[in-house]
Amino acid sequence: MGKIFSLFLTAGIIALGVYFSGLFTGKSVPQNLSGLEIPHIRSNDVIIPHSAYTLSYNEEHEQANWVAYELTREELADNFSRNKMRFKPDPDVPTGSAEDDDYRNSGYDRGHLAPAGDMNFSEQALRESFYFSNISPQQKRFNSGIWKKLEDLVRDWAQTYGSVFIVTGPVLEKNLTYIGRNRVSVPRYFYKAVLINNGKQPPGAVAFVIENISSKAPLRNYMITIDSLESLISLDLFPKLDDSVENRIESKISLNYW
DNA sequence: TTTGATGT
């Protein structure tokens, strides 16, 4: 949208303020609970904390670089109706997020990054999950197929291990096709990094990268190390996580699921 | 479909 210098300066100052205030408020910033920090921040990234997740907004692609949050066993609830929720622009994105018109008749789903199903413990959290800053264009058969299967798997892990830290988002490349007036990029791939650091066992982590198309392949075909994912997206997802964890796929995780 | 969506 607006590319005037002063606008960027204002946006930057707001973003910094939001970011630093977020460091000291509640669970929206995962590092308070994990000691592992939120993903590495590039100078032009706008970091936006919401009540139950934190995101980095990419204005060029009109969607998040990443969305990060902790999901606990206690949060696995089904308290509110998602059918009452509306997708809406994120009021906290200084440059304006994508909007409903961008997706209408595009042929693509409004695909959640932080799933609505992970945010159903709080009406506010669920409502915020419908902000377009948490949405990316996804093929329907991807969103309701392999991607949903991965979301279900992560919820299973939250139940099993008590707590998981999740960083998820689109792989934003140059020259992607786009939809809508705001030119929302259509990602070719999506990723999800999952860290289990519940204090009861050594930290373990694994990542998935899956193409934005229909797939019937087992999820383990898409498992890679955190290191590999970080190289792919040029981002340090878990700045304080030990390299020995980042460069192996946690065996306990992979053994349980195909 | 208990989910995750579209469209009016």
Side-chain angles (χ1 to χ4, degrees), chain A residues 50-53 55 61-64 66-69 71-90 97-160 164 166-171 176-194 208-220 222 256-258:
Chain A
H50 287 307
S51 65
Y53 66 89
L55 68 95
H61 293 283
E62 287 292 6
Q63 61 202 283
W66 49 258
V67 175
Y69 61 102
L71 180 64
T72 65
R73 184 183 290 137
E74 292 71 31
E75 290 169 342
L76 296 171
D78 194 15
N79 298 336
F80 304 96
S81 170
R82 71 170 277 152
N83 288 333
K84 291 179 181 170
M85 298 295 164
R86 291 289 181 86
F87 293 96
K88 57 183 273 188
D90 186 340
S97 71
E99 51 197 15
D100 212 45
D101 270 354
D102 295 323
Y103 285 77
R104 185 170 294 123
N105 299 320
S106 70
Y108 290 94
D109 270 16
R110 299 161 179 85
H112 278 74
L113 295 173
D118 290 4
M119 298 288 145
N120 217 321
F121 57 92
S122 147
E123 191 167 20
Q124 183 187 358
L126 183 62
R127 186 175 295 113
E128 288 171 346
S129 83
F130 281 79
Y131 286 163
F132 277 104
S133 53
N134 184 47
I135 301 296
S136 287
Q138 294 182 334
Q139 288 211 18
K140 175 170 285 300
R141 279 175 294 183
F142 169 81
N143 187 24
S144 58
I146 187 92
W147 190 244
K148 178 183 178 299
K149 200 159 114 180
L150 177 53
E151 292 172 343
D152 288 341
L153 173 58
V154 171
R155 280 190 284 270
D156 282 353
W157 287 346
Q159 179 64 44
T160 300
V164 293
I166 300 153
V167 184
T168 188
V171 178
L176 290 169
T177 61
Y178 56 80
I179 56 172
R181 184 175 64 88
N182 288 310
R183 300 193 172 193
V184 183
S185 295
V186 178
R188 296 167 61 215
Y189 296 89
F190 287 89
Y191 67 85
K192 201 179 285 285
V194 185
F208 299 81
V209 175
I210 311 181
E211 193 172 2
N212 188 12
I213 59 173
S214 172
S215 170
K216 291 182 177 177
L219 281 169
R220 76 171 308 138
Y222 302 100
N256 288 342
Y257 295 91
W258 310 331

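From a predicted model like this one, the values you see are computed outputs, not experimental measurements.
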Residue mapping more 5' on DNA chain B - nearest nucleotide basis, A/Phe87 or A/Asp78: A/Asp78

A/Asp109 vs A/Lys148, nearer the 5' end of DNA chain B by closest nucleotide: A/Lys148

Opening and closing nucleotides of DNA chain B in contact with chain A, under 4.0 Å to non-hydrogen atoms: B/dT3 to B/dG7

Students often get this wrong, so: under 4.0 angstrom with heavy atoms, is [X] touching a base, only sugar-phosphate, or nothing?
{"X": "A/Phe142", "value": "nothing"}
{"X": "A/Arg155", "value": "sugar-phosphate"}
{"X": "A/Asp152", "value": "nothing"}

Salt bridge (charged side-chain N to carboxylate O under 4.0 Å, His left out) contacts touching residues 209-219 of chain A (sequence neighbours left out): none

With [X], which residues qualify under ring-ring contact (aromatic ring centres under 6.0 Å, His included), at least two apart?
{"X": "A/Phe142", "answer": "A/Trp147, A/Phe190"}
{"X": "A/Tyr103", "answer": "A/Phe132"}
{"X": "A/Phe130", "answer": "A/Phe87, A/His112"}

Once salt bridge (charged side-chain N to carboxylate O under 4.0 Å, His left out) is applied, do any residues pair with [X], and if so which ones, sequence neighbours excluded?
{"X": "A/Asp101", "result": "A/Arg104"}
{"X": "A/Glu123", "result": "A/Arg127"}
{"X": "A/Asp109", "result": "A/Lys140"}

Residue-level proximity of residues 123-134 of chain A to DNA chain B when a heavy atom falls under 4.0 Å: none

Minimum-distance pair of heavy atoms, taken over all atoms of A/Val154 and A/Lys192: CG2-CD, 3.9 Å

C1'-based separation of B/dA5 from B/dT1 [nearest Å]: 13 Å

